[in-house]
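Here is the structure we will look at.
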Amino acid sequence: MTETVVTRFAPSPTGFLHIGGARTALFNWLFAKAHGGKMLLRIEDTDRARSTEEAIQAILDGLRWLELDWEGEPVYQFARAERHRDVADKLLADGKAYRCYATPEELQAMRDKARAEGNSPGYDGTWRDRDPALAPDGIAPAIRFKAPCEGETIIEDRVQGRVTFANKDLDDFVILRSDGSPTYMLSVVVDDHDMGITHVVRGDDHLTNAARQTQLFEALDWQAPIYAHVPLIHGPDGAKLSKRHGALGVEAYREMGYLPVALRNYLVRLGWSHGNAEIISTDEMISWFNLEAIGRSPARFDFTKLESLNRHYLRAMSDEEIVSHLKALVPHLPNADDLLDRIGDEGWDQLERAMPGLKERAKTLVDLLESAEYLFLKRPLAPDEKASKLLDRDGQETLAQLLPELQSVDPWNVTEVENCLRAFAERTDRKLGKVAQPLRAALTGRTTSPGIFDVLDVLGREEAVARIVDQTKHS
RNA sequence: GCCCCGUUCGUCUAGUGGCCUAGGACGCCGGCCUCUCACGCCGGAAACAGGGGUUCGAGUCCCCUACGGGGCGCCA
């Protein structure tokens, strides 16, 4: 049965890979994988003024970071302009397109008039049947597609269902600008055809375009791909996602300390579901993904849920793997040099040993780094305000008494350290908390940290004792 | 303005005419656990936009209204 599925992700490089684009890419990738097909990448760089090399790199990096791979080399749309022009010429020769000499002013007047009359503000077809001999001198014409005026164009959309457009509402759009450059509408159709795209999965802001593109496919006598228009992602307030919300580049999510696996899970569940499944592995996504289960209404982006997923994946990940993620992340952080400097060479090992207590508490890699800070502080520590309160006369007294006991712990490990602390607390008739809290303050400079026994263990006897001494000698 | 699409707890959603006194997840609230913070566990509040139909029976089908979104470029 199987015609191979070929999807494509086709961003225009006018900015970073934003979250909506990332989801579109993910859906295309999943759909292709689910059907043993392939996803192609096409850079829609026909807008020369706004396309940048920087944006292209950002998009490629973003996809790689998300681990969404594409087949072969990216196709650059602008490089195919000659081919697009040939198709426009063919349409012209076949009488399916025509030269339009309308000026921008005339077009604007046309739109204003239509709107005033309560009609769709499209091109009115002035040059559609006008005698080319009437063409004004010195004006280079644009080429417009001669769209059908009657009947309807129907899209059998895999997400939206059957969507019907009356042809009278669709105007004669430009396929070749007066400077000879092809427009998006033409380029997309030619490229999708030439690239053998079987399924177009994209944002539903393209739904109307699908109708126009279908008309072009028909005029060219080519088979149109199957369309699936997925609803856009909205911000927390229900309005279109803007920078203010979370329409950040995916690299921003990386810098916030999110894991690719978590972002993929979050994104796939945003607008798509598989029963009550929430935690979905990449393999499961691939085997379960289908276009029909994509919802038809826009979803709001929710950082809190992303965080929760990220926390889950962090906790499930091996200590070693987290460290390697951290190593990859740190250079991208704003304070990279400082961090690298403080962690040093041995820091990574220490980090890995402290990881069980750290990852349990972190939502993001950045959180994790933050709560690991106690490992890399230089003595003497400067306790924060709350920690200082714990190091009052009473606290210092406790620590002073505890010190010799700790010094004689042997061997120095979590179990022995715990035994020592518990025995000390019991013998001196203190609750464990009365001992642990001042100790935590002295060891980390804060009132919260991983378990105190783990902190002692990871710091090592020498450093731990020194930090305690630092905080008790000024009493 | 015109065209298209949508509307289940705060959010993401399950639900395809009877299994729904509407389920799950995140968040929120309360409790337990406890060396802090988390985790974990237990419990709780919380939704079918409104109105008409169709049907023995509607969250599920139809219509209208309201609200939300998208599109309407010689941008993509």
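Chain A is the first sequence line, chain B the second, and so forth, proteins listed ahead of strands; every chain is numbered from 1. Quick caveat, the model's predicted, so the values are computed rather than measured.
Among the nucleotides B/A14, B/A25, B/C3, the one closest to any side-chain atom of A/Glu278 is B/A25. Checked against B/A76, B/C3, B/G27, the side chain of A/Ser12 finds its nearest nucleotide in B/A76. Between B/C12, B/U36, B/C39, one nucleotide has an atom nearer to the side chain of A/Arg300 than all others, and that is B/C12. For A/Arg422, the side-chain atoms get nearest to B/C35 when compared with the rest of B/C39, B/A76, B/C35.
Across A/Thr7, A/Val268, A/Leu291, a single residue satisfies side-chain contact (heavy atoms from CB on, under 4.5 Å) together with A/Leu30, and that is A/Val268.
Going from the P atom of B/C48 to that of B/G40 covers 30 Å, rounded to whole Å. For B/A45 and B/C5, the C1' atoms lie 34 Å apart once the distance is rounded to whole Å. Using P as the reference atom, B/A47 and B/U21 are 15 Å apart when rounded to the nearest Å. For the C1' atoms, the distance linking B/C28 with B/A46 amounts to 9 Å, nearest Å. Spacing of P atoms, B/C63 relative to B/C20, comes out at 29 Å, to the nearest Å. With both ends at atom C1', the span from B/G15 to B/A22 equals 8 Å, rounded to whole Å. One C1' atom belongs to B/G59, the other to B/G6, and the distance between them is 16 Å to the nearest Å. For B/U60 and B/G44, the P atoms lie 28 Å apart once the distance is rounded to whole Å.
The base of B/A76 lies outside donor-acceptor range of the side chain of A/Asp205, with no N or O pair under 3.5 Å. Looking at A/Thr208, its side chain has no donor and acceptor atom pair within 3.5 Å of the base of B/C72.
In this structure, A/Leu309 atom CG and B/A25 atom C1' are separated by 9 Å, rounded to whole Å. To the nearest angstrom, P of B/U34 lies 13 Å from CD of A/Glu418. Separating the CG atom of A/Leu368 from the C1' atom of B/C37 is a distance of 14 Å, rounded to the nearest angstrom. Rounded to a whole Å, the CG atom of A/Asp171 is 12 Å from the C1' atom of B/G71. Rounded to an integer number of Å, the gap from A/Lys305 NZ to B/G10 P is 15 Å. Atom pair A/Glu360:CD and B/C33:P shows a separation of 19 Å (rounding to whole Å applied). Note: OH (A/Tyr184) to P (B/G73) measures 15 Å, nearest angstrom. Whole-Å rounding puts the A/Leu232 CG to B/A76 C1' distance at 13 Å.
When atom types are taken as modelled, the side chain of A/His325 and the backbone of A/Glu321 share a donor-acceptor pair closer than 3.5 angstrom. Between the side chain of A/Asp204 and the backbone N or O of A/Leu207, no donor-acceptor pair lies under 3.5 Å.
Using a 4.0 Å cut-off between charged side-chain N and carboxylate O, A/Arg8 and A/Asp191 make no salt bridge.
Between B/G40 and A/Arg315, a contact under 4.0 Å exists linking OP1 or OP2 to a side-chain N or O. Applying the 4.0 Å criterion to OP1 and OP2 of B/C74, one finds that A/Arg144 has a side-chain N or O inside that range. Of the side-chain N and O atoms in A/Thr46, one or more sit less than 4.0 angstrom from OP1 or OP2 of B/A76.
Using modelled atom types and a 3.5 Å distance limit, the side chains of A/Arg430 and A/Thr428 yield a donor-acceptor pair.
Nucleotide B/C9 forms a pair with no other nucleotide shown, judged by Watson-Crick or G-U wobble geometry with both contacts under 3.5 Å. Pair check for B/G1 finds B/C72; Watson-Crick or G-U wobble, both atom distances under 3.5 Å.
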Pairs under 3.5 Å (N/O, protein and nucleotides 5-7 of chain B):
residue: B/C5; atom: O2'; partner: A/Gln160; partner atom: OE1; Å: 3.2

Name the pairs: protein N/O against N/O of nucleotides 45-48 of chain B, kept only if under 3.5 Å.
none

Identify the pairs formed between an N or O of the protein and an N or O of nucleotides 21-23 of chain B at a distance under 3.5 Å, and give each distance.
residue: B/G23; atom: N2; partner: A/Asn276; partner atom: OD1; Å: 2.6

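Using a 4.0 Å heavy-atom distance criterion, A/Ala142 is classed as a base contact. Counting non-hydrogen atoms under 4.0 angstrom, A/Pro450 reaches a base of the nucleic acid. Residue A/Gly295 is classed as having no contact, given no heavy-atom separation below 4.0 Å to the nucleic acid.
Residues passing the side chain to side chain donor-acceptor pair (under 3.5 Å) test with A/Asn265 are A/Tyr313, sequence neighbours excluded. With sequence neighbours excluded, the residues that form a side-chain contact (heavy atoms from CB on, under 4.5 Å) with A/Pro225 are A/Val200, A/Phe217, A/Tyr227. For A/Glu105, the side-chain contact (heavy atoms from CB on, under 4.5 Å) partners two or more places apart in sequence, or in a different chain, are A/Thr103. Checked against side-chain contact (heavy atoms from CB on, under 4.5 Å), A/Asp179 has the following partners two or more places apart in sequence or in another chain: A/Arg177, A/Ser181. Taking A/Arg311 as the reference, nothing meets the side chain to side chain donor-acceptor pair (under 3.5 Å) condition, with sequence neighbours excluded. Every residue meeting the side-chain contact (heavy atoms from CB on, under 4.5 Å) condition with A/Asn209, not counting sequence neighbours, appears here in chain and number order: A/Tyr184, A/Met185, A/His206, A/Arg212, A/Gln213.
Residues in residues 142-167 of chain A take part in these ring pair (Phe, Tyr, Trp, His ring centres under 6.0 Å) pairs, two or more places apart or across chains: A/Phe145-A/Phe173. Applying the ring pair (Phe, Tyr, Trp, His ring centres under 6.0 Å) rule to pairs touching residues 424-443 of chain A yields nothing, sequence neighbours excluded.
A cation-pi arrangement, defined by a distance under 6.0 Å to the six-membered ring centre and an angle within 45 degrees of its axis, is present between A/Arg48 and A/Phe78.
Residues from residues 434-441 of chain A lying near RNA chain B, meaning a heavy-atom separation below 4.0 Å, are A/Ala436, A/Gln437, A/Arg440 in numerical order.
The side-chain ring of A/His206 is stacked on the base of B/A76, judged by centre separation under 5.5 angstrom and plane angle under 30 degrees.
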Start with the C-alpha distance between A/Met355 and A/Leu351, add both sets of side-chain angles, then the distance that settles side chain to side chain contact (heavy atoms under 4.5 Å, CB included), and finish with yes or no.
CA-CA 6 Å; A/Met355 201 52 76; A/Leu351 205 46; 4.2 Å; yes
Checking side chain to side chain contact (heavy atoms under 4.5 Å, CB included) for the pair A/Asp454/A/Leu358: CA distance, chi angles, key distance, verdict?
CA-CA 10 Å; A/Asp454 293 323; A/Leu358 255 20; over 6 Å; no
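Heavy-atom distances to RNA chain B give each of A/Ser178 and A/Thr448 a nearest nucleotide, and the one nearer the 5′ end belongs to A/Thr448. Comparing A/Lys168 and A/Arg311 by the nucleotide of RNA chain B whose heavy atom lies nearest to each, the residue mapping closer to the 5' end is A/Lys168.
Taking the six-membered ring for Trp, A/Phe301 and A/Tyr266 have ring centres closer than 6.0 Å.
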